[in-house]
Number of protein chains: 2
Amino acid sequence: MAATGLPTIREVARLAGVSVATVSKALNGSGKVSEPLKVRVQSAAESLGYAPHASARSLRSGATRILGLLVADLTNPFFLHLVETIERLASAAGYSVILCNSGENAEREKRNLQMLLSQRVDGIVLMPTRQNWPGRVGVLSNLTMPRLLVDRLLDGLETDSVTIDNTLAGRLAAEHLLALGHRRVGLIMGSPEHQIARHRLDGFRDAFAAAGAPIEARFLEKDAFDEAAARAAAHRLLASPERPTAIFATNNHLALGLLGAIAETAIEVPREISVITIDDLPWARIMRPGLTVVMQPTEAIADAAVTTLLGRIAAPEAAEAGEHTAIVLKPYLLERGSTGPVEAAA
Amino acid sequence: MAATGLPTIREVARLAGVSVATVSKALNGSGKVSEPLKVRVQSAAESLGYAPHASARSLRSGATRILGLLVADLTNPFFLHLVETIERLASAAGYSVILCNSGENAEREKRNLQMLLSQRVDGIVLMPTRQNWPGRVGVLSNLTMPRLLVDRLLDGLETDSVTIDNTLAGRLAAEHLLALGHRRVGLIMGSPEHQIARHRLDGFRDAFAAAGAPIEARFLEKDAFDEAAARAAAHRLLASPERPTAIFATNNHLALGLLGAIAETAIEVPREISVITIDDLPWARIMRPGLTVVMQPTEAIADAAVTTLLGRIAAPEAAEAGEHTAIVLKPYLLERGSTGPVEAAA
DNA sequence: TGAGTAAGAAAAAACGTTTAACAGGTTCGG
DNA sequence: CCGAACCTGTTAAACGTTTTTTCTTACTCA
C-alpha cells in the first residue's frame, strides 16, 4: 500500500481552487491557461511541495523520459567514462538514466533487458556482452523502443550504432611502431572470434605485413581474456629467445597485465621494450614513462550515441522504415613515453 | 500517444481464457490459483512476450523497485567503484538503479533530487556534493522515502549513514611515515572547511605532533581543489628549501597532481621523496614504484549501504521513530613502493 | 437431500496523471 | 442584435496494473 504522504495533483487543485485538468495544463504549459491562474497554480504546487508522480504520468502519456544504459562491463574504465558522459548528456536533455551492468554475463544481460522493457524506457543504449546467447538478436529486434549499439556490433541485428574503426586503430599502432624502426613485435589480444579484437589484429598485422615484416606466429598471444592471462602471455613474450622489441596490447585490461609483467622483470620501458595499447586511461599520463596509446574518442562516441538515440525517440518513423545510421568514429594516436626507437634496444 | 505495441495483461488474459485478475495472481504468485491454470497463464504470457508495465504496477502498488543513486562526482574513481558495486548488489536484490551525477554542482544535485522524488524511487543512496545549498537538509529530511548518506555526512541531517573513519586514515598515513623515519613532511589537501579533509588532516597532524615532529605551516598546502591546483602546490613543496622527505595527498585527485608534478622534476620516488595518499586506484599497483595508499574498504561500504537501505525499505518504522544507524568503517594501510625509509633521502 | 463451506475465478475499484470532448462566457463580424 | 468563433476552464475517460470484494461451483457431512 502506498501512503507515501506526498501531495497529489488533486490537492494542488483544491488549494488553488481549480480542477485537476487545469493544474496539469498550468504546470506543463500545455493547453490554454490564463497567466494569473497559472501563477496561482504554480504557487500552490510550490507551497505543497508537489512532485508529479512519474509512474502515473508515464502510464497515461506513454513516455517515461528515461534512457536505459546496458553496459557490458562496468569495471572497464572505457565503459565507465562512456557512462559518465552519456549520463551527463542525457541529463542535460531532460532524460534520466537507468544503469545496468551485465558484467559480461549473458544471463544478467537478458534479465536487464527484460527489466528495461518492463520499465518502458524511451530508448536503450546497448553495449552488448561479448558472450552471445540464443535468441539475443531476436529479443533485441523485437524491442519496441529505439535502441542503439555502442562500441560493439551484433551480427544480424540491424539498428543504429556508434563504433570506432578498429582496423584503423590497429594500423595506427603498427605504423607508429614501424616508424620507430620496430620489426619484431608481439601482440596480446583476446579471442579472434570477437569482431573488435579481430579488427585490431587485422589492422596491426596487415600494416606489418605490408611493410615486409610479418608478425611471427610465436609472438601472437591470443585468447588472453583478463589481466592475469595477459600477464602470463606477456611473460612468455618477454622470456622468448630474441624477444620482441615492442608489444601491442589490444585493450586496457590486457595492458594492465602487460605492464604488471614488465614491472616484475628488470626490463626497461621504452629502452628495452616499447609498449602501446588502446584506450586512454586516467593513469596513462602520470605513469613514468607515460603510456603511448591509440585513443578512442570517448566523448564523441557518447555524444553521437545520445544525439542519435534522442533523434530516434523524437522521430521513430525513419527507423521503422528500415533506415539505420551507422556512425564510425576515428581513433587517433597519442604518443607518450612508452614507445621509443628500436635502435636503443639493440 | 503510447501505442508501444506491447501486449497488456488483458491480452494475456484473453489468450489464456481467464480474467486479468487471475493472470496477475498467477504471474505474481499471490492469491490462490490452481496449478494447471497457472501454467496455462504462464505459457500464454511467455508466448506473447508479455512484460508487465512497470509504471502501471507501481502506480497501483506504490513501490517502484528502483533505487536512486545520487553521486557527488562521477569522475572520481572512488565513487565510480562505489557505483559499480552498489549497482551489482542492488541488482542481485531485485532493484534497478537510476544513476544521477551532480558533478559537485548544487543546482544539478537539487534537480536530481527533485527527479528522484517524482520518480518515487524506493530509496536513495546519497553522496552529497561538497557545495551546500540553502534548504538542502530541509529538502532531504522531507524526502518521503528511506535515504542513506555515504562517504560524507551533512550537518543537521539525521539519517542513516555509512562512512569511514577519516581521522584514522590520516593517522595511518602519518604512522607509516613516522615508522620510516620521516619527520619533515608535507601535506596537500582541499578545504579544511570540509569534514573529510579536516579529519584526515587532524589525524595526520596529531600523529606527527604526538611524535614530537609537528608539521611546519609552510608544508601545509590547503585549498587545492583539483589536479592542477595540487600540481602547483606540489611544485611549491618540492622547490622549497629543505623540502619535505615525504608528501601526503589527501585524496586521489590530488595524488594525480602530485605525481604529475614529481614526474616533471628529476626527483626520484621513493629514494628522494616518499608519496602516500588515500583511495586505491586501478593504476596504483602497476605504477613503478607502486603507490602506497590508505585503502578505503569500498566494497564493504557499498555492502553496508545497500543492506541498510534495503532494510529500511523493508521496515521503515524504526527510522520514523528517529533511530538511525551510523556505520563507520575502518581504512587500512597498503604498503607499496612509493614510500621508503628517510635515511636514503639524507 | 440440502445447508454450509471452501476454493477458484471474475468483477470492479483504485492508483495519479493527461487529454479529448465539452461548456460557459466574451468578442466580433455582419 | 444574433450567431459564430474564440478563449478559458471543467468533466470524464483512459492508461495497465493490483487487490478487495463478490460470485460460482463443487464438495462435505449431518
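Chain identifiers are assigned alphabetically (A, B, ...) following the order of the sequence lines, protein sequences preceding nucleic acid strands; residue numbering begins at 1 within each chain. What you are looking at is a predicted structure, and each value in this text was computed from that prediction instead of being measured. Reckoned from all heavy atoms, side chains included, excluding hydrogens, waters and symmetry mates.
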Distance, rounded to the nearest Å, where [X] contributes [atom1] and [N] contributes [atom2]:
X	N	atom1	atom2	result
A:Leu6	C:dG16	CG	P	10 Å
A:Leu27	C:dT17	CG	C1'	12 Å
B:Arg10	D:dT17	CZ	P	9 Å
A:Arg120	D:dG16	CZ	C1'	9 Å
A:Arg14	C:dG16	CZ	C1'	13 Å
A:Leu59	D:dT17	CG	P	9 Å
A:Ile9	D:dT11	CD1	P	14 Å
B:Leu48	D:dG16	CG	P	14 Å

Looking at every non-hydrogen atom in both residues, tell me the closest pair between B:Val137 and B:Asp155 and how far apart they are.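 Scanning both residues, the minimum pair turns out to be CG1-O, 3.5 Å.
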
Measuring only between side-chain heavy atoms, which start at C-beta, is A:Arg312 closer than 4.5 Å to A:Thr325?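 Sidechains of A:Thr325 and A:Arg312: in contact.
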
Check whether any side-chain N or O of [X] sits under 4.0 Å from OP1 or OP2 of [N], and answer yes or no.
X	N	value
A:Arg57	C:dT18	yes
B:Thr8	D:dG16	no
B:Ser61	D:dT18	no

List the atom pairs, with distances to 0.1 Å, where a side-chain N or O of residues 94-104 of chain A and a protein N or O form a donor-acceptor pair under 3.5 Å, not counting sequence neighbours.
from: A:Asn101; atom 1: OD1; to: A:Leu74; atom 2: N; distance (Å): 3.1
from: A:Asn101; atom 1: OD1; to: A:Gly103; atom 2: N; distance (Å): 2.9
from: A:Glu104; atom 1: OE1; to: A:Arg130; atom 2: N; distance (Å): 2.9
from: A:Glu104; atom 1: OE2; to: A:Arg152; atom 2: NH1; distance (Å): 3.2
from: A:Glu104; atom 1: OE2; to: A:Arg152; atom 2: NH2; distance (Å): 3.1

Please identify each residue that fulfils side chain to side chain donor-acceptor pair (under 3.5 Å) with A:Ser55, with sequence neighbours left out.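 By the side chain to side chain donor-acceptor pair (under 3.5 Å) rule, A:Ser55 matches B:Ser58.
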
Results of side-chain contact (heavy atoms from CB on, under 4.5 Å) for [X] - residues two or more places apart only:
X	result
B:Glu35	B:Lys38, B:Val39
B:Ser34	B:Pro36, B:Leu37
B:Asn28	B:Ser24, B:Ser30, B:Arg57
B:Gln131	B:Ala106, B:Thr129

side-chain hydrogen bond (donor to acceptor under 3.5 Å, both in side chains): pairs with one or both residues in residues 5-16 of chain A, sequence neighbours excluded: none

Helix axis bend for the helix from C:dT1-D:dA30 to C:dG30-D:dC1 - C1'-based end axes, five pairs, 10° rounding: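 The value is 50°.
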
Detail all sub-3.5 Å separations between protein N/O atoms and N/O atoms belonging to nucleotides 4-11 of chain C.
from: C:dA9; atom 1: OP1; to: B:Ser34; atom 2: OG; distance (Å): 3.2
from: C:dA9; atom 1: OP2; to: B:Ser34; atom 2: N; distance (Å): 3.1
from: C:dA9; atom 1: OP2; to: B:Ser34; atom 2: OG; distance (Å): 3.4
from: C:dA10; atom 1: OP2; to: B:Ser19; atom 2: N; distance (Å): 2.7
from: C:dA10; atom 1: OP2; to: B:Ser19; atom 2: OG; distance (Å): 3.2
from: C:dA10; atom 1: OP2; to: B:Thr22; atom 2: OG1; distance (Å): 3.0
from: C:dA10; atom 1: N6; to: B:Lys25; atom 2: NZ; distance (Å): 3.2

